[in-house]
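To start, the structure under review is shown below, and the notes come after it.
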Amino acid sequence: MPETADIASRAPLTEARPVPAGEAAECRPAPPQAPPAMPPRAPLAMPVQDLRTKPVARRQGGGGPLAARLFVFGGAAALTAYGAVQMYEVISVSGGATWLQYVLLVLFVLNFSWIALAFTAALLGFAALLRRTRPAPLPATLASRTAIVMPVYNEGSARVFAGLQAMHEEVAATGLGRHFDWFVLSDSTQADAWIAEERAFLALRDELGAEARLYYRHREKNHHRKAGNIADFVTGWGAAYDHMLVLDADSLLTGACIVRLAAAMEADPDAGIIQSLPLIINRNTLFARLQQFAARIYGPVIATGLSVWSGRDGNYWGHNAIIRMRAFAEAAGLPDLKGRPPFGGHILSHDFVEAALIRRAGWGVTMLPRLEGSYEESPPSLIDLAVRDRRWAQGNLQHARVIGAAGLAPASRQHFATGIAGYVASPLWLAQLVIGIVIVLQTAWVRPEYFSAEFGLYPVWPRFDPVRALQLFALTMGILLAPKFLGLILALIDGETRRASGGAGRLTLSFLIEILLSALIAPIAMLIQSGSVFQILAGRDTGWNPQRRDDGSIPVADIVRRHRWHTGLGLVTGIAAFAIATSLFLWMSPTILGLVLAIPLSWASGQLALGLALKSRGLLVTPEEQAPPAIARRAGELARRNAARGFDDTDALQALHADAALARAHATMLPQASPRPRGNIDTDHTLARAKIVEADTLSEAQAWLAPKERFALLHDRALLDQLARLRAA
């Protein structure tokens, strides 16, 4: 057996079956040559950008409406100033404030400014959405070529390829399918997921035919994760395309939406990115239905406001967006940040940075929030959201290293600041609660000091003005909830949306249910995010865990383990607050209740039965559920068909051993192996080789090979040949 990697990469692959007597003498025709898994390479240079040097912008494709920005940021500043004055009046009722009260004032202003900005942006979005617009007609022709790329990472192949096929069919139905090529870009690190993807790809390509232009590529090393996956495609094949439309594994876009995005890019030669607004669909657990309802009813208000004030200095959310290939290649090569993770290394939340760099190069970054037909899914439970949110928290905090990059547009810096503030707000809120408790505790239990260093007739008490405090609380809650009320108003006055959401009564009741459950979940999410921020500041890297997308509950033991300290903190806080003052307990009761109920709330969040029970009563229903988009129905049918094929349920070694044609196709799709440097030993590959040589049967190989060793075996043609020679039992 060949020993070197260079020889191994060229070893033949034989079929795993004995040759019947006499068959060798027969003259059989050679099997037809299968089309290549990838088209011919078309390299495109993608230089790494220098964040310290401002490049020369050859275009002026950016900018935004000044009046809208003055309204949003000026209005938020005015509201924040008013809130700060009112808060000072609350804490200075005794003629002065203690240092703790000044700390409380600073924390309040920081938190209040965050919600004030969201409020003014939502007002702008509400005003824009009051003006009805008709969708642009579907273009009859296109002049460009677009690569539709779907990066995947240990996903279920049944759903991935069902969505891909549904989108492909819809684009073909527009008559413009020849302008689009389809790519599945795999970074999967699990052997079973990798082989399932290949089986699904080969089956779909056979079904659609060679004219479908469907391609598949798997990377051996997922260098720089999703950003590196996309960059590898751009540098290898980008020169063949004018644009690329980037998807997530759960993305679903109608054919009309895809064609309109391509037409919009053609019509705007200075555009670098055009982002659609994905709506959440196909969600049924209680927590996912809350997110789905909120995204559908409130999301357009917030997104439209962001789109209006951003203008051509917009942002990018990493998927369901079309990108000009030239702009991305010349401007979006991401550098590694100095130092180690979590703040150093490769950039996790790459999408914000790519948008900022493309804008810095003079290309426009815009959003089409009114474009219909863009969909995605969401995490099924609170714990699933927390897993994804931990990675997002690290990525957004890492932007503190990028926000000062030379040449960025002010709006791009604001997008970075907004992302950072979204996670810093949680520890700030936690600090505000703690300081408030300490002040009340001081008032209740600490004796006044009459003979202080500065003589006075009366002690300085940390007192509050209860009337002003109540008024300020009402103002804060009004500003916080206003975007939701604005979204509800728009839904109620839109007859089609109102009827499709269950009517005015059910829509309003759904609104109240969402507010109640979100209020209870908010303190749990606050502690989870605060913990994430503290871990990141302590230097703990999150890694990149695959996202769980299927509906399904989490074991109770895991829920208790994740939330027991939240419950304990809620009980301790409640008892302490009640012991200090009844008024403090009542003031903190929503936070206390949410924390005390953390375990049952988290359990309920992932329950399919609870979500479906509300759905059956017409609650938390969205228009896309009452009249599901045709593409969603088709994707569901295809996913059920694909699941019945069992690709995701089959052991990778078993599948390759049983199907010689699959084994040959897999070997053909492998890249040419690079010679191994002398002395550089790959432990997983070495162990895989030793074990596969030692094994006599497939079952022995399956039992002996560890997951990483299986993955190494799948990259070696010689070891695959050895696998094929094993006895089945």
Quick check for you: to the nearest 0.5 Å, what is the distance between [X] atom [atom1] and [Y] atom [atom2]?
{"X": "I513", "Y": "T508", "atom1": "CD1", "atom2": "OG1", "value": "11.0 Å"}
{"X": "F161", "Y": "R205", "atom1": "CZ", "atom2": "CZ", "value": "11.0 Å"}
{"X": "S378", "Y": "F287", "atom1": "OG", "atom2": "CZ", "value": "7.5 Å"}
{"X": "R260", "Y": "S374", "atom1": "CZ", "atom2": "OG", "value": "13.0 Å"}
{"X": "S186", "Y": "M150", "atom1": "OG", "atom2": "CE", "value": "12.0 Å"}
{"X": "S605", "Y": "L290", "atom1": "OG", "atom2": "CG", "value": "9.0 Å"}

Would you say [X] and [Y] make side-chain contact, with heavy atoms under 4.5 Å?
{"X": "L698", "Y": "Q702", "value": "yes"}
{"X": "L164", "Y": "E169", "value": "no"}
{"X": "T650", "Y": "R199", "value": "yes"}
{"X": "M325", "Y": "L44", "value": "yes"}
{"X": "R217", "Y": "D232", "value": "yes"}
{"X": "R562", "Y": "S602", "value": "no"}
{"X": "L261", "Y": "L253", "value": "yes"}
{"X": "L204", "Y": "L208", "value": "yes"}

Inter- and intrachain pairs under salt bridge (Lys or Arg N to Asp or Glu O under 4.0 Å), touching residues 606-618, at least two apart
K615-E625
On the six-membered ring of W392, is R388 placed so that its NZ or CZ lies under 6.0 angstrom from the centre and within 45° of the ring axis?
yes
I want to check a possible cation-pi pair here: R41 against W237, using under 6.0 Å from ring centre and within 45° of the ring axis as the test.
yes
Between [X] and [Y]: side-chain donor-acceptor atoms closer than 3.5 Å:
{"X": "Y298", "Y": "E514", "result": "yes"}
{"X": "Q291", "Y": "R296", "result": "no"}
{"X": "R159", "Y": "N282", "result": "no"}
{"X": "N154", "Y": "T189", "result": "yes"}
{"X": "E198", "Y": "W194", "result": "yes"}
{"X": "D181", "Y": "Y241", "result": "yes"}
{"X": "S144", "Y": "E266", "result": "yes"}
{"X": "D648", "Y": "S157", "result": "yes"}
{"X": "D384", "Y": "S381", "result": "yes"}
{"X": "Q292", "Y": "E377", "result": "no"}

Side chain to side chain donor-acceptor pair (under 3.5 Å) against [X], all qualifying residues, sequence neighbours excluded:
{"X": "Q607", "result": "none"}
{"X": "H715", "result": "none"}
{"X": "H179", "result": "none"}

Output, in order, the C-alpha distance, side-chain angles, deciding distance and verdict of salt bridge (Lys or Arg N to Asp or Glu O under 4.0 Å) for D651 and R710.
CA-CA 11 Å; D651 178 83; R710 287 181 172 222; 2.5 Å; yes
Measure across [X] and [Y] and return the closest heavy-atom pair with its distance rounded to 0.1 Å.
{"X": "A256", "Y": "T174", "result": "N-CG2, 4.4 Å"}
{"X": "A295", "Y": "I280", "result": "CB-CD1, 3.9 Å"}
{"X": "I281", "Y": "E624", "result": "CG2-CB, 4.0 Å"}
{"X": "A262", "Y": "L142", "result": "CB-CD1, 4.1 Å"}
{"X": "G373", "Y": "C257", "result": "O-CB, 3.7 Å"}

Checking salt bridge (Lys or Arg N to Asp or Glu O under 4.0 Å) for the pair D250/R283: CA distance, chi angles, key distance, verdict?
CA-CA 12 Å; D250 60 356; R283 301 288 79 190; over 6 Å; no
Run the numbers on F647 and I195 for side chain to side chain contact (heavy atoms under 4.5 Å, CB included), then give the verdict.
CA-CA 8 Å; F647 294 161; I195 298 305; over 6 Å; no
[X] side chain to [Y] main-chain N or O, any donor-acceptor pair under 3.5 Å?
{"X": "S518", "Y": "I515", "value": "no"}
{"X": "R145", "Y": "D242", "value": "no"}
{"X": "E170", "Y": "G255", "value": "yes"}
{"X": "D248", "Y": "S251", "value": "no"}
{"X": "N284", "Y": "G611", "value": "no"}
{"X": "S510", "Y": "L620", "value": "yes"}
{"X": "Q275", "Y": "H319", "value": "yes"}
{"X": "S501", "Y": "T622", "value": "no"}
{"X": "R178", "Y": "L176", "value": "no"}
{"X": "S616", "Y": "A613", "value": "yes"}

Given L509 and L619, is the side chain to side chain contact (heavy atoms under 4.5 Å, CB included) satisfied, shown in steps?
CA-CA 7 Å; L509 183 56; L619 299 174; 3.8 Å; yes
Report yes if the distance between the aromatic ring centroids of F183 and Y216 is under 6.0 Å, otherwise no.
no
Ring-ring centroid check Y215 H168, cutoff 6.0 Å
no
Applying salt bridge (charged side-chain N to carboxylate O under 4.0 Å, His left out), name anything that partners R219, two or more places apart in sequence or on another chain.
D187
Take atom CD in E496; do more than 12 heavy atoms of anything else shown fall under 6.0 Å from it?
no
What's the verdict on side chain to side chain donor-acceptor pair (under 3.5 Å) for S276 and N320, showing C-alpha distance, side-chain angles and the deciding distance?
CA-CA 6 Å; S276 70; N320 292 33; 4.6 Å; no
May I have the step-by-step check of side chain to side chain contact (heavy atoms under 4.5 Å, CB included) for I273 and I322, ending in yes or no?
CA-CA 6 Å; I273 299 177; I322 192 166; over 6 Å; no
Quick test of your reading of the model: are R324 and D268 salt-bridged, counting only N-O distances below 4.0 Å?
no
Please enumerate all residues that pass ring pair (Phe, Tyr, Trp, His ring centres under 6.0 Å) together with F511, with sequence neighbours excluded.
F485
